[in-house]
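Working notes, structure below.
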Amino acid sequence: MKKFLDLISDEVKKGFGLAGYEEELGRVTVSNRPDLCEYQCNGAMAGAKKYHKAPLLIAQDVAQKLSDSQVFEEVSAVAPGFLNLKLQRSFVRAYVESMAQTEKFGLEAPEAVQNIVVDYGGPNVAKPLHVGHLRSAAIGESIKRICRYCGHQVTGDVHLGDWGLQMGLIITELKLRKPELPYFDEAYEGDYPAEAPFTMAELEEIYPAASARSKTDAAYKQEAMEAVVKIQKGVRGYHALWKHIMDISLPDVKKNYADLDVEFDLWKGESDAGPLIPEVVELLEKSGLTYESEGALVVDVKEETDTKEIPPCIILKSDGAALYATTDLATIKDRMDSLQADSLIYLADKRQEMHFLQVFRVARKAGIVSPETKMKHIGFGTMNGKDGKPFKTREGGVMRLEYLIRDVNEEMYRKIMESRHEISEEEARRTAKTIGLAAIKYGDLSNQAGKDYIFDVDRFTSFEGDTGPYILYTIVRIKSILGKYQEQGGGLEGLAFKDAQNAPEKELMMKLCGFNEMMEGAFAETAPHRICAYLYDLANAFNKFYHETKILTEEDADKKAGWIALLVLTRNVLETCIDLLGFSAPERM
RNA sequence: GUUUCCGUAGCUCAGCAGGAUAGAGCGUCCGCCUCCUAAGCGGAAGGCCAGCGGUUCGAAUCCGCUCGGGAACGCCA
């Protein structure tokens with residue numbers, strides 16, 4: 001069904017047409033002066049030059065044509081040439097009613113369904129997820145849900161970092177510590193043990209140690225890089241160790257994502273692209289794009305319109321090993337071949353912009369993707385602590401994601417117990433987890449993805465202001481009323497809406513009417529923060545209405561039913577929105 | 001150095017296909033529970049939208065320059 005603003009614009013456009021002006025001038029926007037009007041049109045001022053006429057006169061002409069409109073209760077032309085619009089209550093009611101009766105509140109299906117792959121820019125295995133991984137998980141999950149809701153076919157791929165230098169480092173460190181293991185004996189031909197020669201805890205210690213050492217010990221780093229080549233070439237012992245590392249780390253990674261309510265359709269990684277690398281390298285060589293430079297195989301990607309130096313994309317290092325760009329190209333090939341992707345969306349730190357620019361250009365030039373395939377890197381900013389510097393533990397170390405979640409849940413639990421004494425321990429724990437997740441995700445998503453932001457636990461877990469808990473509280477309030485209404489014997493289905501009885505009710509209705517507009521914007525801009533802003537507005541509008549209107553004690557049954565219908569719709573829209581952000585509301589809190 | 005992103009209230013952030021008095025939240029101050037969750041609602045104070053120019057009837061928004069901050073610039077991912 002048509003978007004609300006488009007319906008209103010159509011009416012005003014008609015007015016411009018009738019008055020003898022270009023219809024396109026009739027575009028309507030939400031008023032930025034709510035004290036004067038609900039919606040506004042600035043077209044008269046834009047048209048003044050073209051028609052050599054004072055804008056106010058144009059506005060007056062149009063207002064006159066719209067004076068008996070069924071859409072507007074009031075249209076006034078105001079200096080210097082604004083058209084101030086106030087809607088008929090019945091028009092608003094009718095739209096809200098049709099939203100309630102239509103699937104997805106009347107959001108229109110896309111003209112063409114796209115096959116979208118969302119790459120969450122996966123974490124490296126063998127080390128625990130840290131707070132930095134929250135961003136790609138939260139944003140990626142929301143974008144996946146938004147695309148799906150808008151009617152597209154979406155595949156989410158965690159895309160683990162399981163093929164790079166970190167794996168070589170771990171194996172090299174292991175060799176140093178336990179050289180006697182059969183994996184390092186080239187003459188060994190028997191089966192390797194089923195059990196890994198290390199635990200997750202050891203793994204967590206091995207990697208940082210290896211990483212630190214590689215920075216000072218050149219020979220050690222050299223060996224690690226050779227180990228990478230060995231893994232990639234499938235040398236038995238090395239591959240077996242790699243498999244062990246995977247088997248040990250994966251359950252831990254899965255648990256972390258499960259705690260965040262983040263789900264993947266594919267648990268692929270860079271290693272899955274490994275077997276495709278020779279093919280892709282050959283394809284690039286045949287295309288004539290590659291050449292040798294300083295011992296490495298590269299592809300030029302600079303273009304004439306570039307304002308900065310774009311270095312060539314390295315396909316194979318001078319030692320013959322593949323790297324980040326190569327596996328990403330192979331992955332793109334895989335996604336084109338097996339998923340017929342129309343659109344590829346990557347979540348990764350914004351500092352990786354150059355990498356994606358290079359990879360996308362190579363993919364385009366080499367014909368790995370078709371000319372129509374969209375490729376987009378959503379670069380997100382850093383998550384900082386209250387001091388404005390990258391988020392750390394109190395001791396200054398890297399904060400584990402697991403601990404962050406635990407701390408937030410703990411804080412939430414404490415607050416619940418403080419104010420709701422009658423609640424059971426078990427319910428409090430469960431509710432704390434639900435609200436905690438909302439606090440974390442809303443806190444993250446309400447910021448524009450591309451900007452750095454300050455992760456302030458106190459602020460995010462607050463029940464006041466623009467926070468996840470405030471949104472949940474609003475939903476819970478509605479649920480509580482609806483529950484009581486049902487206890488009184490009322491049904492929630494098929495209730496008739498009534499024209500708004502008071503200003504806050506009309507405000508609430510108009511806010512609901514903006515859902516489709518907002519949704520299309522959030523999808524077009526792949527911007528979850530647009531949903532957050534809308535949610536907050538809607539929650540505010542509801543709370544004002546709630547304060548103004550005593551619903552359950554209303555004597556007039558029709559009025560009461562109309563309000564209940566409005567509450568049901570409001571709850572549904574709110575819950576749809578939080579689902580798109582990747583969290584949910586409890587029954588009570 | 002080059003390129004790029006950013007600079008909005010004390011703090012954290014919206015707004016940016018140009019429009020009327022620049023918005024929220026937190027914090028501060030003042031009101032509102034015999035009534036559906038006060039985890040709420042209303043109100044007050046707080047701004048030369050970094051600075052200077054330009055385009056325009058009109059600029060936080062578009063274009064230059066300056067200052068201040070972050071980031072990226074070939075074998076890490």
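Naming convention: chains lettered A, B, ... in sequence-line order (proteins, then strands); numbering from 1 in each chain.
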| Glu294(A) near the nucleic acid: base, sugar-phosphate alone, or nothing, with a heavy-atom cut-off under 4.0 Å? | base

| field | Flag for Trp563(A)-Glu505(A): side-chain donor and acceptor within less than 3.5 Å | value | yes

| Under 6.0 Å between the ring centres of Phe455(A) and Phe460(A)? | yes

| field | Residue pairs, two or more places apart or on separate chains, that pass salt bridge (charged side-chain N to carboxylate O under 4.0 Å, His left out) and touch residues 469-489 of chain A | value | Lys479(A)-Glu575(A), Lys479(A)-Glu587(A)

| task | Say whether, by atom type as modelled, one donor and one acceptor occur between the side chain of Thr461(A) and the main chain of Val457(A) under 3.5 angstrom. | result | yes

| Non-neighbouring partners of Tyr470(A) that pass ring pair (Phe, Tyr, Trp, His ring centres under 6.0 Å), sequence neighbours left out | Tyr536(A)

| task | Write down the distance separating the C1' atoms in rG27(B) and rG70(B), rounded off to the nearest Å. | result | 27 Å

| message | Measure CD/Gln222(A) against C1'/rC75(B) and give the value in whole Å, please. | response | 12 Å

| Which whole-number value in Å describes the distance from Tyr207(A) OH to rA77(B) P? | 10 Å

| message | Rounding to an integer number of angstrom, what distance separates rA22(B) and rA60(B) when you compare their C1' atoms? | response | 7 Å

| query | How would you list, by chain and number, every residue that makes a ring pair (Phe, Tyr, Trp, His ring centres under 6.0 Å) with Tyr120(A), sequence neighbours excluded? | reply | Phe264(A)

| task | Could you state the atom-to-atom distance from CD1 of Ile310(A) to C1' of rC73(B) in whole Å? | result | 9 Å

| message | Rounded to whole Å, please give me the gap between CD in Glu270(A) and C1' in rC76(B). | response | 11 Å

| task | Could you check Asn543(A), Thr570(A), Asn540(A) and say which one makes a side-chain hydrogen bond (donor to acceptor under 3.5 Å, both in side chains) with Thr474(A)? | result | Asn543(A)

| said: If the condition is ring pair (Phe, Tyr, Trp, His ring centres under 6.0 Å), which residues does Phe356(A) pass it with, not counting sequence neighbours? | reply: Tyr346(A), Phe360(A), His377(A)

Report each atom pair, protein N/O against N/O of nucleotides 57-67 of chain B, whose distance is under 3.5 angstrom.
unit_1, atom_1, unit_2, atom_2, d
rC57(B), OP1, Lys49(A), NZ, 3.2

| Is there a donor in the side chain of His159(A) and an acceptor in the side chain of Asp272(A), or the other way round, less than 3.5 Å apart? | no

| field | Rounded distance in Å between the P positions of rG10(B) and rA20(B) | value | 23 Å

Identify all side-chain donor-acceptor contacts of residues 318-326 of chain A below 3.5 Å with residues at least two apart in sequence or on another chain.
unit_1, atom_1, unit_2, atom_2, d
Asp319(A), OD1, Ala321(A), N, 2.9
Tyr324(A), OH, Gln352(A), OE1, 2.5
Thr326(A), OG1, Ile315(A), O, 2.5
Thr326(A), OG1, Leu323(A), N, 3.1
Thr326(A), OG1, Leu323(A), O, 3.2

| Since syn is defined as within 90° of 0, does rC6(B) count as syn or as anti? | anti

| task | Please state whether the base of rA72(B) and the side chain of Gln352(A) form at least one donor-acceptor pair under 3.5 Å? | result | no

| request: Have a look at Asn84(A) and say if it touches a base, only the backbone sugar-phosphate, or nothing, with a 4.0 Å heavy-atom cut-off. | output: base

| query | When you compare rA24(B) with rA9(B), how far apart are their P atoms, in angstrom units rounded to a whole number? | reply | 15 Å

| task | Would you please determine if the base of rA20(B) is stacked by Phe82(A), with stacking meaning a centroid separation under 5.5 angstrom and planes under 30 degrees? | result | yes

| Syn/anti label of rA24(B) as read from its glycosidic torsion, with the cut at 90° from 0 | anti

| said: Distance check needed: rA17(B) P versus Leu5(A) CG, whole Å only. | reply: 15 Å

| note | Scoring nucleotides 34-42 of chain B by protein non-hydrogen atoms under 4.0 Å (B base, S sugar-phosphate only, - none) yields -BBBSBBSS

| query | Which heavy-atom pair separates Asp306(A) from Val301(A) by the least distance, and what is that distance? | reply | OD2-O, 4.4 Å

| request: Scan Met167(A) against the nucleic acid and name what it touches under 4.0 Å (heavy atoms): base, sugar-phosphate only, or nothing. | output: nothing

| query | P atom, rU8(B) versus rG40(B): distance in rounded Å? | reply | 28 Å

| task | Write out all pairs satisfying salt bridge (charged side-chain N to carboxylate O under 4.0 Å, His left out) with one or both partners inside residues 449-473 of chain A, taking only residues at least two apart or from two chains. | result | Lys350(A)-Asp452(A), Lys386(A)-Asp456(A), Lys386(A)-Asp458(A)

| remark: When pairs are called at under 3.5 Å and a stem needs at least three consecutive Watson-Crick or G-U pairs, the stems of RNA chain B are B:1-7 with B:67-73, B:10-13 with B:23-26, B:28-32 with B:40-44, B:50-54 with B:62-66

| said: By the 4.0 Å heavy-atom rule, please label Cys37(A) as base, sugar-phosphate, or nothing. | reply: base

| task | For rU34(B) versus rG25(B), give the span between their C1' atoms, rounded off to a whole number of Å. | result | 33 Å

| Looking only at atom P, what distance separates rG64(B) and rC30(B), rounded to whole Å? | 50 Å

| request: Scan Leu316(A) against the nucleic acid and name what it touches under 4.0 Å (heavy atoms): base, sugar-phosphate only, or nothing. | output: nothing

| Which sits closer to the 5' end of RNA chain B, Asn32(A) or Asp319(A), going by the nucleotide each is nearest to? | Asn32(A)

| said: Within the 4.0 Å limit for protein heavy atoms, which parts of nucleotides 4-16 of chain B are touched? Write it as a string from 5' to 3', B for base, S for sugar-phosphate only, - for none. | reply: S-------SSSS-

| message | List the residues meeting side-chain contact (heavy atoms from CB on, under 4.5 Å) with Pro128(A), not counting sequence neighbours, and say none if there are none. | response | Glu204(A), Arg400(A)

| task | Using ring pair (Phe, Tyr, Trp, His ring centres under 6.0 Å) as the criterion, list what pairs up with Tyr546(A), not counting sequence neighbours. | result | Phe542(A)

| Could you give the CZ-to-P distance, from Arg27(A) to rA17(B), as a whole number of Å? | 9 Å

| query | Between Asp306(A) (CG) and rU2(B) (C1'), how many Å, whole number? | reply | 13 Å

| query | Are side-chain N/O atoms of Tyr220(A) and Glu173(A) paired as donor and acceptor at under 3.5 Å? | reply | yes

| message | Using atom P in both nucleotides, what's the gap between rC62(B) and rC6(B) to the nearest angstrom? | response | 9 Å

| said: What is the separation between atom CE on Met383(A) and atom C1' on rA71(B), rounded to the nearest whole Å? | reply: 19 Å

| said: Are Tyr51(A) and Tyr21(A) an aromatic pair, judged by ring center distance below 6.0 Å? | reply: yes

